[in-house]
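Atom set for the values below is all heavy atoms of this structure, side chains included, hydrogens, waters and symmetry mates excluded.
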Amino acid sequence: MNVLKTSLPITLFLLVVFFGKGPWHILLLTAAQIVYVPLTLKLIMTKGDWFSKFYPYISIPAYLSIALIQLTTNTEWDVLFAAIYLLFTFVVALYGLGRFLMIGFTHIEEFSINMAMIYLAMGGIWYFAYTANIDTGFTPMLTWLTAIHFHYSAFLLPIFVGFLGRVYKPQSYRLITSIILLAPMIVAVGITFSTVIELLSVIAYMIGIYGVIHLSCQAAFSRALQKWLVCLSFAALGITILFSLLYASGNLFGSHSISIDFMLRFHGIVNAIGFALTGIIGWSISIPPTTAKWTFPISQIKGNM
């Protein structure tokens, strides 16, 4: 089963790379959907729990659906395939919600991981809206960009931050993590209602990301290679967020020095490889154990009546 969890997503992605019908930038989201999401979930799920037992039955159809959308031209089946993936993200979100209900806010690093899984459902919703051509009030490109935002910034990043908290959790970690978790929704509000809020959200992201870079450099890892890869992963975000700042500033002041095409080619590729791939490889070297107890506390106090 472990081989299947790893080989199937990579095989499907390679098929899409060589035989896909869509434009090249679609691969940025496809990589997250059928490679990074499954590999990351493999690092999170607890062996023997309901999600790990149910996972093959919901994940394989979801990943196949994403691949089929890319391997065929636009058909009436695309909406069904997108709905299957959407259902999968809902199940992942339910898993995150269940984990949250077991421990609440007591472990901020686990709360970050749980929120990431809940956020993934938002990515599924926006991807379904893009595939089904639903009028979201935005252009199809912005709808697609929102979907990719919730897969990378709102799913992968909080999980990596959660893993970092398992390794090193000083007092500043709670504040930095809170910023990372709030930023995705602030970005969404800013894009919808105000370019000022959009710019402020990017600044908030910068504070959180550079805070995480600092913590990762201070953290003591069991293996030097893992530390280098994790630091490099977060550093890649530290570079790309600067261009996000320029893009958001251009939207506010009307000076578009950074185009969406440039953001896709530089920002997207660096995040997909430098941040996501490097981070997954780094954390896979040694998965930090959690100190949270996944049992609901029950009082032993009893009364006669």
Side-chain angles (χ1 to χ4, degrees), residues 1 4-5 8-9 12-13 26 28-70 76-104 110-138 143-160 162 180-185 187-189 192 276 294:
M1 183 60 68
L4 179 62
K5 289 178 182 178
L8 178 62
L12 289 176
F13 181 68
I26 295 295
L28 298 174
L29 179 54
T30 305
Q33 291 171 313
I34 61 178
V35 178
Y36 299 151
V37 167
L39 293 182
T40 305
L41 289 176
K42 182 183 176 184
L43 303 179
I44 298 171
M45 68 178 72
T46 303
K47 185 178 180 180
D49 65 9
W50 71 267
F51 183 73
S52 65
K53 294 177 181 178
F54 193 51
Y55 178 77
Y57 304 105
I58 58 169
S59 62
I60 294 176
Y63 303 146
L64 285 173
S65 296
I66 294 298
L68 287 172
I69 291 176
Q70 305 305 327
E76 62 274 11
W77 292 98
D78 287 357
V79 175
L80 175 61
F81 292 148
I84 293 174
Y85 180 75
L86 175 60
L87 178 61
F88 164 71
T89 63
F90 281 167
V91 176
V92 174
L94 183 63
Y95 184 50
L97 179 62
R99 284 168 47 103
F100 166 72
L101 293 177
M102 296 300 291
I103 61 171
E110 300 303 326
F111 177 68
S112 182
I113 294 173
N114 297 337
M115 280 301 302
M117 289 189 281
I118 294 172
Y119 274 145
L120 183 64
M122 298 296 295
I125 291 172
W126 282 95
Y127 179 73
F128 178 80
Y130 168 77
T131 305
N133 293 316
I134 296 175
D135 184 8
T136 61
F138 302 106
T143 301
W144 180 84
L145 287 171
T146 306
I148 200 172
H149 167 73
F150 276 102
H151 279 78
Y152 283 89
S153 300
F155 176 72
L156 291 178
L157 177 57
I159 288 176
F160 292 171
I180 293 293
L181 293 177
L182 288 173
M185 298 309 297
V187 168
V189 172
T192 305
W294 302 104

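Within 6.0 Å of atom CH2 in W77, 12 or fewer heavy atoms from other residues, nucleotides or ligands are found, so the atom counts as exposed in its surroundings.
Using a 4.5 Å heavy-atom threshold, the side chains of V91 and F51 count as touching. Taking 4.5 Å as the limit, every side-chain heavy atom of F160 sits out of range of all side-chain heavy atoms of L43. Annotation: side chain of M122 is not in contact with side chain of T146 (no heavy-atom distance under 4.5 Å). Taking 4.5 Å as the limit, some side-chain heavy atom of Y95 sits within range of a side-chain heavy atom of T46.
The heavy-atom pair separating Y152 from A276 by the smallest distance is CE2-CB, 3.8 Å. Here the shortest heavy-atom pairing between I60 and L8 reads CG1-CD2, 3.9 Å. Annotation for L157 and S153: closest pair CB-O, 3.5 Å, computed over non-hydrogen atoms. Contact between P184 and I180 at its shortest, heavy atoms only, is CD-O, 3.0 Å. For P158 against A116, the heavy-atom pair with the smallest separation is CB-CB, 3.7 Å. The shortest non-hydrogen separation linking F88 to I58 is CD1-O, 3.8 Å.
Side-chain atoms of S52 do not come within 3.5 Å of backbone N or O of K47 as any donor-acceptor pair. Judged by distance alone, the side chain of T143 and the main-chain N or O of Y130 form no donor-acceptor pair under 3.5 Å. The closest donor-acceptor contact from the side chain of Y119 to the backbone of L181 lies under 3.5 Å. The main-chain N or O of L86 is found under 3.5 Å from a side-chain atom of T89 such that the two form a donor-acceptor pair.
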Stepwise side chain to side chain contact (heavy atoms under 4.5 Å, CB included) check, W144 with I26:
CA-CA 9 Å; W144 180 84; I26 295 295; 3.5 Å; yes
Is there a side chain to side chain contact (heavy atoms under 4.5 Å, CB included) between F81 and L64 once you walk through the steps?
CA-CA 8 Å; F81 292 148; L64 285 173; over 6 Å; no
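Aromatic ring centres of F100 and F111 lie closer together than 6.0 Å. A distance of 6.0 Å or more separates the ring centres of F150 and Y127.
In this structure, the separation between CD1 on I69 and CD1 on I84 is 8.5 Å, given to the nearest 0.5 Å. Rounding to the nearest 0.5 Å gives a distance of 10.0 Å between CG of L94 and CZ of F54. The distance from the CD atom of E110 to the CE atom of M102 is 12.5 Å, given to the nearest 0.5 Å. How far CG of L68 is from CG of L12: 8.5 Å, rounded to the nearest 0.5 Å. With rounding to the nearest 0.5 angstrom, the CG atom of N114 is 6.5 Å from the CD1 atom of I118. Interatomic distance, L28 CG to I148 CD1, rounded to the nearest 0.5 Å: 5.0 Å.
Between Y85 and H151, the ring planes are parallel. Angles under 30° get that label, and only those over 60° would be called perpendicular. A tilted orientation is assigned to the rings of F138 and W126, their planes being inclined by 30° to 60°.
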